[in-house]
Protein chains: 2
Amino acid sequence: MDSRQIQQVRHFNRVVTQRIGALEESYLRRGRPLGEARLIFEAGAHGADVRALRSKLGLDSGYLSRLLRSLEAQGLILVDKQIGDGRLRRVSLTPKGQAEFAAYEGLSDELAQSILAPLEAAQRDRLVDAMAEVERLIRVAAVDVRIEAPGSEDARWCLDEYFHELTERFESGFDPTKSNPARDDEMAPPAGVFIVARLDGCPAGCCALKFGDKTTGEIKRMWTASSARGRGIARKMLQTLEAIARDAGLTALRLETNRTLKEAQALYRSEGYREVAPFNDEPYAHHWFAKDL
Amino acid sequence: MDSRQIQQVRHFNRVVTQRIGALEESYLRRGRPLGEARLIFEAGAHGADVRALRSKLGLDSGYLSRLLRSLEAQGLILVDKQIGDGRLRRVSLTPKGQAEFAAYEGLSDELAQSILAPLEAAQRDRLVDAMAEVERLIRVAAVDVRIEAPGSEDARWCLDEYFHELTERFESGFDPTKSNPARDDEMAPPAGVFIVARLDGCPAGCCALKFGDKTTGEIKRMWTASSARGRGIARKMLQTLEAIARDAGLTALRLETNRTLKEAQALYRSEGYREVAPFNDEPYAHHWFAKDL
DNA sequence: TCCATTCTCTGACTTTAGTCAGATATCTCT
DNA sequence: AGAGATATCTGACTAAAGTCAGAGAATGGA
């Protein structure tokens with residue numbers, strides 16, 4: 001990472017956040033404190049419960065409560081008990097609140113137009129493309145890869161999606177009971193680890209490592225959500241697991257995969273895995289790979 | 001401008017400003033109120049006068065004064081009379097303030113690194129390029145084209161640069177006394193207008209229109225700063241003058257140019273100007289153009 | 001010289017944002 | 001039914017940010 005790149009990023013931070021920040025100030029205030037405006041915006045068209053708002057906006061519960069009282073007094077929101085759990089409160093916009101929300105929506109559009117309007121068509125296209133690229137990569141930079149229990153809610157969700165995808169993609173379909181199993185306890189300490197990758201807090205991929213015979217580990221359950229592909233998330237998970245394997249004293253990793261999973265094979269090859277003779281009898285596998293750490 | 005583009009811009013505004021804003025919060029605070037931190041940052045290595053700080057940061061004079069008192073009490077800045085104008089105060093950093101400033105610099109670098117570090121080299125390159133593009137175009141979108149007296153300080157500066165450039169670029173050099181003149185009063189109401197384009201407040205180009213014989217106007221002194229080329233500034237100035245000409249009831253515009261100014265000729269052609277027979281005896285001209293409005 | 005203007009400063013405010021320690025109601029688990 | 005956890009609310013704070021009216025010094029131009 002050279003210093004020219006760092007300077008460019010700093011420059012971008014200054015110029016772009018300042019300009020857009022200033023525009024947001026002037027467009028989105030509508031004579032209301034920012035906290036209240038954000039709250040209306042987040043409660044949005046469908047409403048939300050107070051707990052969700054608190055965690056999304058990162059506010060103190062006392063503070064949030066007061067903001068809600070204020071919006072209630074202005075006749076913009078209704079707060080009533082959540083059916084099901086009587087501790088939770090549900091926030092919804094009154095018709096007047098909906099109107100406010102619509103006004104914010106309109107102003108956000110205007111703000112975006114005020115950026116695009118002075119440009120020529122070709123410049124607009126380039127700006128929009130470049131913004132999409134920056135946004136995409138900023139999100140990628142914030143990918144959070146974390147060790148997690150294979151039984152956790154998000155891990156379960158990933159595995160379900162993974163199996164579902166295999167069923168779709170394998171020519172012969174996929175029946176977990178016919179495949180070599182990887183039980184939860186094999187993917188959790190001390191026998192192994194399970195990692196989940198998250199994009200903006202939403203699970204976007206998973207992967208597991210079984211420590212195996214203490215010299216050779218096995219990679220299992222490598223999966224990336226289709227909505228999050230092409231961002232290097234699988235590579236990042238693989239590299240994370242390799243680092244964990246090295247720390248655990250393993251000297252090699254191996255894995256098997258199905259011939260329909262072309263992108264996975266390309267990843268393994270580019271990360272230095274070599275195809276080897278079958279080392280197990282997994283019925284759904286067509287390729288076996290290994291790498292020395 | 002389609003709504004998909006507007007949505008992309010809005011999305012960018014949300015995701016990117018939020019993420020970078022949050023990072024700046026966590027990196028740049030150093031246990032100090034944001035206002036004070038910004039002030040140290042702006043006063044910077046070379047110091048600044050209070051008026052410049054006030055307009056740059058957009059602060060109330062009373063508020064700014066209080067911030068300065070606070071930083072002074074912390075031993076971070078010195079405030080003394082400006083030599084020349086005794087009403088102005090000059091702010092400069094003490095050695096302790098310089099150290100604070102350096103710390104902010106270091107943290108800004110760290111912040112930038114924290115964005116780049118999780119990415120692969122190729123992704124980093126793409127992010128930096130896309131950021132440069134966004135920054136460039138956001139600046140372009142904020143180009144400010146304004147009618148101005150040809151005698152104003154910035155107009156003078158533009159014209160000096162313009163003549164200097166002609167001297168460099170014309171094969172025969174350029175001597176203003178041998179060229180057909182355009183006097184200041186011909187480029188100001190009621191005889192004409194002079195416009196200056198600014199990028200972030202700095203003059204980046206100029207252009208003049210002489211109303212001429214009330215049906216046909218003349219474009220003169222079209223110039224863009226070399227540091228600001230390739231951003232459509234000249235085109236924007238030209239379009240601005242055409243709009244003014246139309247409003248003034250003119251039905252045609254014409255201009256002459258030198259053969260070495262290839263990019264200007266390309267601009268005129270692409271904006272619908274056709275080459276015509278010489279309509280004056282400007283000794284430095286090789287091409288004459290005209291356009292019906 | 002004098003008068004309007006410019007620039008900075010001070011005092012007296014308000015609003016916004018945020019924290020913290022309980023109080024109260026409700027839920028979950030045993 | 002009771003213990004402990006969870007979710008929200010209230011009261012009592014503080015800090016930061018910002019506004020407004022005017023005072024006082026310096027300047028620029030008539």
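Labels below follow one simple rule: chain letters A, B, ... track the order of the sequence lines, proteins then strands, and each chain is numbered from 1.
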Give the table of side-chain donor-acceptor pairs shorter than 3.5 Å for residues 36-46 of chain B, with sequence neighbours excluded, one pair per line with atom names and distance.
from: B:E36; atom 1: OE1; to: B:Q74; atom 2: NE2; distance (Å): 3.0
from: B:E36; atom 1: OE2; to: B:S70; atom 2: OG; distance (Å): 2.7

### Query
By ring pair (Phe, Tyr, Trp, His ring centres under 6.0 Å), which residues pair with B:F163, not counting sequence neighbours?
B:F174
### Query
Got a sec, which residues hit side chain to side chain donor-acceptor pair (under 3.5 Å) with A:K210, two or more places apart in sequence or on another chain?
none
### Task
Name the residue closer to the 5' end of DNA chain C, choosing between B:S65 and A:R32 according to the nucleotide with the nearest heavy atom.
B:S65
### Query
DNA chain C in dot-bracket, Watson-Crick or G-U pairs under 3.5 Å, [ ] crossing, | other strand?
||||||||||||||||||||||||||||||
#### Entry: Contacts of A:L107 that satisfy side-chain contact (heavy atoms from CB on, under 4.5 Å) - sequence neighbours left out
A:Y27, A:L28, A:R30, A:E110
### Query
Which letter, B, S or -, goes with each nucleotide of nucleotides 17-30 of chain C from 5' to 3', with contact meaning a protein heavy atom under 4.0 Å?
SBBB-----BS---
### Query
CG of A:L68 versus P of D:dT8: gap in Å, rounded?
9 Å
### Task
Name all residues meeting the side-chain contact (heavy atoms from CB on, under 4.5 Å) criterion together with A:R66; count only those two or more places apart in sequence or in a different chain, and write none if there are none.
none
### Query
Could you give all pairs that pass the side chain to side chain donor-acceptor pair (under 3.5 Å) test and reach residues 137-160 of chain B, with sequence neighbours left out?
B:E135-B:R139, B:R139-B:D200, B:D144-B:R146, B:E148-B:S152, B:E148-B:R198, B:D154-B:R198, B:R156-B:D184
### Task
Using heavy atoms and a sub-4.0 Å distance, could you list which residues of residues 41-55 of chain A are near DNA chain D? By number, please.
A:V50, A:R51, A:R54
### Query
Who pairs with A:R14 by salt bridge (charged side-chain N to carboxylate O under 4.0 Å, His left out), at least two apart in sequence or on another chain?
none
### Nucleotide C:dC9, atom P - distance to CG of B:L88 in whole Å
11 Å
### Query
Who passes side-chain contact (heavy atoms from CB on, under 4.5 Å) against A:R69, sequence neighbours left out?
A:S65, A:E72, A:V79
### Message
Rounded to whole Å, please give me the gap between CG in A:L71 and P in D:dC9.
### Response
12 Å
### Task
Please report, rounded to the nearest Å, how far the P atom of D:dC9 is from the CG atom of A:L64.
8 Å
### Task
Consider only side-chain N and O atoms of A:E165 and A:W223, and report whether a donor and an acceptor are under 3.5 Å apart.
yes
### Summary
To the nearest angstrom, the CD1-P distance between B:I77 and C:dT8 comes to 13 Å
### Task
Just jot down the side chain to side chain donor-acceptor pair (under 3.5 Å) partners of A:S3, sequence neighbours excluded, or say none.
none
### Query
So do the side chains of B:E100 and B:R32 get within less than 4.5 Å of each other, counting heavy atoms only?
yes
